Amino acid sequence: MSSELRDEISNKSDRLGLEEYRHSTAHVLADAVKQLFPGTKLGIGPAIKNGFYYDFDQESRFSDSDFVAIEKRMREIIAKDLPFERSVVSREEARRIFEAQGESYKLELLSKVPDDEEVVLYRHGDFVDLCRGPHVESTGRLGVFKLTSVAGAYWLGDEHNPMLQRIYGAAFTDERELEEHLRLVEEAKKRDHRILGRQLDLFSIDEEAGAGLVYWHPNGAMLKHIIEDFWLKEHLKRGYELLSTPHIAKSSLWHASGHYSYYKENMYILPVGNEEYVLKPMNCPMHLQVYRSRVRSYRELPIRYAELGTVYRRERSGTLHGMFRVRGFTQDDAHIFCTPEQVEAEVGSVVDLALHMLKVFGFEQLGIDLSLMDRGKRQDYIGDPEVWDRSEAILRKVLQAKSLDFREMLGEAAFYGPKIDFQLVDIYGHKQQGATIQLDFNLPKRLDLDYIGSDGSEQHVVLIHRTILGALERFVAALIESCGGAFPLWLSPKQIAVLPITDTQHEFASKVRDDLLDAGFRVLLDDRNEKLGFKIREHTKLPYLLIIGKREQAEGSVSVRRRFEGQIGAMKLDEFISMAREEAQKRVIFTEGDRR
RNA sequence: GCCGGCGUAGCUCAGUGGUAGAGCAGCUGAUUCGUAAUCAGCAGGUCGUAGGUUCAACCCCUAUCGCCGGCUCCA
């Protein structure tokens, strides 16, 4: 056996071992809760990333103040070292057991076990659960865990079902790993874009003025502008054309597009006199208007229309989350109109563009989903199933041709077509929806989007909806968290701070500032009457600090301090400018110090 | 939208059925300083909002808005 193969197998077995460990800990949690809160009914209790959860149905409400008692009881169960015993029973036997305990949810699960599968129970002590397993040998093997939170969760994830109480826990086989995990969670809180957004004065959301509506402050607006500028250049290079379209349109447009029937609950609808307008939740109908403004020839195709289009969606209140989930946001949207023959190549180049652009921002690790129609819910989609089959096959083929790893997600498609979704994965493994590429044979048919083919006949165009960054708000939030607010030089709203030591150097310092501004840098002069150490501390997240004291003034130089690295020495301003200019032009993401 | 928790100064937080507190930030003054917090003084809140209970509510109750953790949804 090759050593690689052996490693792979042992990694896999470690992973399985950890899953068993976590899932077994969930059983102990359920046992403890049932002991402490008689009458509690069980939902499900799987292992998840970093730990486990278990769902409970119980009149009284759990709160984290109950955790102390529950954890104590769990540790008692663990101390008894009760063996986990597997048994295969008949359906009747299982039904009898769960009926006796009033475990209605378990009975529901039991009824869903396929006929050709055996019914497996796991016991430890007096606790019994319907469960495929496997488990660790006995409760004594467990012990490194911590209950972390309690939250509501719908039974079987369906909002029409009753809501159960879910208790989450973290669990590892090693005490140090648990501590490390808890430390990382704390660390992640400090990188939270909502916290950094305020500290760095990037943006705010004012609840009085409207939840989910973002105010970009000067620093944030600058950052957004830099991203948009880069975005535009990349698109113009690739044959996209820029569009600018209205924010509202009469209802009739949205009836025609299908949004009024499939998307109404998310739309802001504005009555104006005896007419009705809709604040746009998507840009596509607007882009289609431009396409339809005259007859199109096959010679013009593909047409690629791009717009940083701001859209408004009435998201349900509980779903809002900083800039990750807002009600007004700017999509880096584009619509590609092409012939059926061009589809594959166009989708392929969009995938390439997405991979390229996201990499420039430091997102090298991506999750890719192929989002498909749920054939069981036809009423949620427009168009013929055969067209859907064809569309889905094209997307699948493109991903396979590029040897990209992807997951197929049933029921995740848009109402008008299947899509490829890219998730940004941050350093903690959290995923955020970024790019999306949606293939649409349906709207062109529905709205008569045609072109004149080479034979003079009218053909339906094929439409590709796509964004690369997703929404600027969400993208910037992910960017803030991925770099912890320490933006790479090319993106940093302020790139350089000039710090005079005493006011004797103010004149020279402002000249340095002006020279840097002339050289095209975004510069801040901190000439406040504060000590140097204080000023350095206040600007630790900036890529470069230039310190100017008596010596530098006399020599006409600057003392350069690089973020996370400290002093890198004094140099002539010109020297610094060419060094920094190169770093910015190359769009260097991490300097040595950043990787620390 | 649903479940739970929480809304006190710009921020982070303490507090109590009987006249609102700290640190940081802010302002004023002093200090002119060499690589992650100089000192002093001043100012700042109808305790999210609206009702109710009470002699008295920041505290108890109800509603509402919002935030946080999840669920559902999603760019």
Side-chain angles (χ1 to χ4, degrees), chain A residues 53 55 57 61-66 148-168 189 192 194-195 198-199 201 204-212 263 265-266 281-283 309-311 313-333 371 412 414 419 421-424 432-436 438 465-475 477-478 499-506 529-541 545-552 559-561 564 566-568 570:
Chain A
Y53 68 76
D55 287 344
D57 188 355
R61 297 296 164 189
F62 302 132
S63 80
D64 30 2
S65 52
D66 295 317
T148 52
S149 63
V150 56
Y154 298 109
W155 168 237
L156 299 179
D158 186 331
E159 62 180 315
H160 304 294
N161 283 341
M163 181 158 273
L164 309 180
Q165 299 184 75
R166 175 172 297 176
I167 295 179
Y168 285 92
K189 278 186 197 158
D192 189 311
R194 293 166 297 184
I195 311 272
R198 186 167 44 236
Q199 284 173 357
D201 201 15
S204 62
I205 295 172
D206 180 39
E207 56 211 52
E208 294 296 316
Y263 207 70
E265 69 206 40
N266 285 309
M282 295 189 193
N283 299 299
T310 304
V311 297
R313 298 182 187 172
R314 164 79 236 185
E315 301 290 348
R316 288 151 81 164
S317 58
T319 63
L320 301 178
H321 182 91
M323 287 210 300
F324 278 136
R325 196 68 188 281
V326 292
R327 286 184 171 150
F329 55 99
T330 300
Q331 291 182 302
D332 66 312
D333 214 350
S371 298
E412 297 291 314
K419 54 182 183 166
D421 290 318
F422 291 74
Q423 275 91 30
L424 310 173
Q432 279 300 326
Q433 173 76 46
T436 178
Q438 308 179 351
H465 311 247
R466 45 112 287 180
T467 77
I468 303 295
L469 308 176
L472 267 304
E473 286 73 9
R474 178 178 287 180
F475 186 76
L499 311 180
I501 294 175
T502 72
D503 49 17
T504 326
Q505 291 92 40
H506 281 190
N529 181 9
E530 295 289 351
K531 294 181 114 170
L532 181 59
F534 179 83
K535 292 187 193 180
I536 289 173
R537 192 185 162 86
E538 289 230 319
H539 302 299
T540 45
K541 298 241 157 136
L545 305 182
L546 301 186
I547 286 130
I548 292 174
K550 228 179 281 173
R551 266 202 308 278
E552 288 73 21
S559 171
V560 181
R561 196 184 159 90
F564 302 139
Q567 289 186 72
I568 60 172

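Below, chains carry the letters A, B, ... as their sequence lines are ordered, and counting in each starts from 1. Owing to the predicted nature of the structure, the values given are computational and were not obtained by experimental measurement.
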Assign [X] to base, sugar-phosphate, or nothing according to its heavy-atom contacts below 4.0 angstrom with the strands shown.
X	value
R198(A)	sugar-phosphate
V326(A)	base
K535(A)	nothing
G470(A)	sugar-phosphate
Q423(A)	nothing
E473(A)	nothing
T148(A)	nothing
G157(A)	sugar-phosphate
E530(A)	base
G533(A)	sugar-phosphate
T540(A)	base
Q567(A)	base
R466(A)	nothing

Distance below 4.0 Å between [X] side-chain N/O and [N] OP1 or OP2:
X	N	answer
K419(A)	rA75(B)	yes
R561(A)	rG34(B)	no
H160(A)	rU72(B)	no
R325(A)	rU72(B)	no
Y53(A)	rG69(B)	no
R61(A)	rG4(B)	yes
S317(A)	rG1(B)	yes
R316(A)	rC74(B)	no

How many whole angstroms separate atom [atom1] of [X] from atom [atom2] of [N]?
X	N	atom1	atom2	value
L546(A)	rG34(B)	CG	C1'	15 Å
I205(A)	rC65(B)	CD1	C1'	16 Å
R327(A)	rG66(B)	CZ	P	7 Å
N266(A)	rA75(B)	CG	C1'	12 Å
D192(A)	rG69(B)	CG	C1'	12 Å
E412(A)	rA75(B)	CD	C1'	14 Å

If you only use heavy atoms from C-beta on, which nucleotide in [options] is closest to the side chain of [X]?
X	options	result
R537(A)	rA37(B), rA75(B), rG34(B)	rA37(B)
Y168(A)	rA75(B), rG70(B), rU32(B)	rG70(B)
R194(A)	rG69(B), rC71(B), rU32(B)	rG69(B)
Y154(A)	rG70(B), rA75(B), rG1(B)	rG1(B)
H321(A)	rG69(B), rA37(B), rC67(B)	rG69(B)
T319(A)	rG34(B), rG1(B), rA75(B)	rG1(B)
S149(A)	rG69(B), rC71(B), rU35(B)	rG69(B)
T436(A)	rG69(B), rA75(B), rG34(B)	rA75(B)

State whether the side chain of [X] and the backbone N or O of [Y] hold a donor-acceptor pair below 3.5 Å, judged by distance alone.
X	Y	result
Q433(A)	A435(A)	yes
T148(A)	Y168(A)	yes
R314(A)	N266(A)	no
K550(A)	T502(A)	no

Taking [M] as the reference, what is the distance to [N] when you measure between their [atom1] atoms (whole Å, please)?
N	M	atom1	result
rC61(B)	rC6(B)	P	11 Å
rA20(B)	rC58(B)	P	9 Å
rG51(B)	rA57(B)	C1'	13 Å
rA25(B)	rA37(B)	P	13 Å
rU64(B)	rU72(B)	C1'	23 Å
rG44(B)	rU28(B)	C1'	14 Å
rC73(B)	rG17(B)	C1'	44 Å
rG34(B)	rU16(B)	C1'	49 Å

Inset, instruction - Kindly confirm whether the side-chain ring of F534(A) is stacked on the base of rA36(B), judged by centres under 5.5 Å and planes under 30°. - result: no

Inset, instruction - Classify the side-chain pair T467(A)/T436(A) by whether it contains a donor and acceptor separated by less than 3.5 Å. - result: no

If I compare all heavy atoms of [X] with all of [Y], which pair ends up nearest, and what's the gap?
X	Y	answer
E315(A)	V326(A)	CG-O, 3.6 Å
Y263(A)	R313(A)	OH-CD, 3.0 Å
I468(A)	D332(A)	N-OD2, 2.9 Å

Legend entry - Side-chain donor/acceptor contact of E552(A) with base of rG34(B) under 3.5 Å: yes

Inset, instruction - Select from M163(A) and R474(A) the residue whose nearest nucleotide in RNA chain B is closer to the 5' end of that strand. - result: M163(A)

Inset, instruction - Identify, between T502(A) and F329(A), the residue whose nearest nucleotide on RNA chain B lies closer to the 5' end. - result: T502(A)

Legend entry - Side-chain heavy atoms of V311(A) within contact of Q331(A), under 4.5 Å: yes

